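Structure first, then comments.
Ligands are counted one by one from 1 in listed order, and the atoms in each one are counted from 1 as well. Numbers here simply count residues along the sequence, with the first being 1. These numbers come from a predicted model, not from an experiment.
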Amino acid sequence: MRTPIIAGNWKMNKTADEAVAFVEQIREGLNATSGVDIVLCPPALAIPAVAASVKGTKIGVGAQNMYFAESGAFTGELAPNMLTPFCQYVILGHSERRAYFGETDEGVNKKIKAALAHGLTPMVCVGESLEQNEAGETHSFVSGQVKAAFAGLTAEQASVCVIAYEPIWAIGTGKTATVEQAGAIIGGTVRTAVAEILGDDVAQQVRIQYGGSVTEKNIAELMAHPDIDGALVGGASLKPTFVELVANAA
Ligand code: PEP
């Protein structure tokens, strides 16, 4: 039985003060929801304040990115061991990082291994562009991304990972994939790719989220699909109605 997981990716929004004020608004409502893991992923500078604000609740904290080395001449980067005092999760390979900051499958694979070595749960993002979707390349592209991300992982390591299937054309656009589309790729492509490299047991344990314009209105329908184990939520995680979204997912 896979516990659903809803994560809010705040992207580059909210100062530390704004983040804490928002957490104070939603904390009680989120904490009252049972049957679902909840993760807030603020911008890096707000992470310590958000971690302090959710202490003693069931709400987890995640980073939006990290580097794979523990220290060194990597200007502007954050190491896994810098996150572990505050975070339990880290988003890796988000399509915005791949598109704007040159992230590669190889780099994402290194980051996943580093996160796991430090006890952080990676939320690994995969997903195709509109062009790839229209060209009928979704299955081969997404399957390749999953296999590259998980290359060299043991079954034990892979089974604790979370994967977010986020079609790029659905992120921040208001266009959600239909439950049938999302479920077909999550079950038929993402979970199958994990099974092909690590076996069925691992594939059945890995939690796979859908991401792309998820709101409090469409979450319940998405969650009703047996292969969809939660959501990575952008825009809708910045509003007080995120509480409703999480409650509707549970
Ligand atoms: C995201 O940030 O990963 C995302 C899916 O954004 P949105 O929910 O706004 O589409």
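- In terms of heavy atoms, Q145 sits closest to G127 at OE1-N, 2.8 Å.
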All N/O donor-acceptor pairs, side-chain side in residues 188-198, below 3.5 Å, sequence neighbours left out:
from	atom 1	to	atom 2	distance (Å)
T189	OG1	H139	ND1	2.7
R191	NE	D227	OD1	2.8
R191	NH1	A203	O	2.8
R191	NH1	V206	O	2.7
R191	NH2	D227	O	3.0
R191	NH2	D229	OD2	2.9
T192	OG1	G187	O	3.1
T192	OG1	G188	O	3.0
E196	OE1	K147	NZ	2.5

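- Salt bridge absent: K58 and D37 never bring a charged side-chain N and a carboxylate O closer than 4.0 Å.
- Protein residues with any heavy atom under 4.0 Å from ligand 1: N9, K11, H94, E166, A170, I171, G172, G211, G212, S213, L232, V233, G234, G235.
- Under the rule for a side chain to side chain donor-acceptor pair (under 3.5 Å), the partners of K113 that lie at least two apart in sequence or sit in another chain are N109.
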Please table the atom pairs, donor to acceptor, closer than 3.5 Å between any side-chain atom in residues 20-29 and protein atoms at least two apart or in another chain.
from	atom 1	to	atom 2	distance (Å)
R27	NH1	S53	O	2.8
R27	NH1	S53	OG	3.1

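- In this structure, K239 does not pair ionically with E216, as no charged nitrogen and carboxylate oxygen lie closer than 4.0 Å.
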